[in-house]
Amino acid sequence: MELDFRKLHSAKLFDFSKGEEELIMEVYEKLFENYDLAVINREDSPYDKFKTDDENPLISPKICYYIMDRDEQFSFYLFIVSKKGTTAKGARTTSEYDSLQIWGLKILNENFGFISINKKKLADKIAGIFNSFNINFNQDSGFKDFYVLGSDPYKTLAFLTSNRKKAIKEIPDDDFSLTVKNDLLSFGLPKDLSVNNALITAAFLKEI
């Protein structure tokens, strides 16, 4: 690493266990191999603009990275978030059930309204629960395994250029979540933080 992340941002690592701190450092080092990145305050990112009042209060951003390629052709934000566990009745569990995840935000070049895209699962296909989604890609053989919900069908189709559909189809993990709110795109894998998940998220936000 070019900078001593541990010394410069010790306060940001204070809340984490030793194992979590080591994982965060490993994620930082792997990302630094491919991108220029800086640790910034959440307030200096689009996070507060993207979130709404109904956001899950059990998910809390702990570290925010501003990512840029070395040719300064693209940029996006990655957030290491703490996801607090709950019991079946919704009560807060003890901290031992907390987990870390990584999510990303990217500023788009125009307002696309609200869009949600997910990969269909076999059980969902059998149940036929996707009939209510308002963008039907059954005639698009390369995109029929995804369900798409958009507040404005024209804006949704404008968002789904051939390059973007290609990037979505090439996501190597089917459990991704992609949401667009106006000119902000959120992408993540709702799974425990890992180096692989961080690299998948960064690579997708670069391509999209």
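In what follows, every heavy atom counts, from backbone to side chain, and hydrogens, waters and symmetry copies are set aside.
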- [ ] Before accepting this row, confirm whether a basic side-chain N of the pair Asp175/Lys191 lies closer than 4.0 Å to the acidic partner's carboxylate O.
- [x] yes
- [ ] Could you tell me whether Asp36 and Arg70 have a side-chain N and a carboxylate O separated by less than 4.0 Å?
- [x] yes
Open item on the list: My understanding is that only residues two or more places apart in sequence, or in another chain, count here; which of them pass side-chain hydrogen bond (donor to acceptor under 3.5 Å, both in side chains) with Gln73?
Closed with: none
TODO: Mind checking side-chain hydrogen bond (donor to acceptor under 3.5 Å, both in side chains) for Asp174 and listing every partner two or more places apart, or none if nothing turns up?
DONE: Lys119
Task: Separation between CD1 of Ile102 and CD1 of Ile200, rounded to the nearest 0.5 Å - done: 11.0 Å
Open item on the list: With rounding to the nearest 0.5 angstrom, report the OG to CG distance, Ser99 to Asp192.
Closed with: 4.5 Å
TODO: Give, for atom CD1 of Ile117 and atom CZ of Phe159, the distance between the pair rounded to the nearest 0.5 Å.
DONE: 5.0 Å
Open item on the list: Once you measure the plane-to-plane angle for Phe176 and Phe146, does it fall in the parallel (<30°), tilted (30-60°) or perpendicular (>60°) bin?
Closed with: tilted
TODO: Determine, for Asp183 against Lys106, whether the closest basic-nitrogen to carboxylate-oxygen distance falls under 4.0 angstrom.
DONE: no
TODO: Measure from the ring center of Tyr47 to the ring center of Phe50 and say whether it is less than 6.0 Å.
DONE: no
Open item on the list: Centroid separation under 6.0 Å, is that true for the rings of Tyr77 and Tyr65?
Closed with: no
- [ ] Determine, for Glu26 against Lys30, whether the closest basic-nitrogen to carboxylate-oxygen distance falls under 4.0 angstrom.
- [x] no
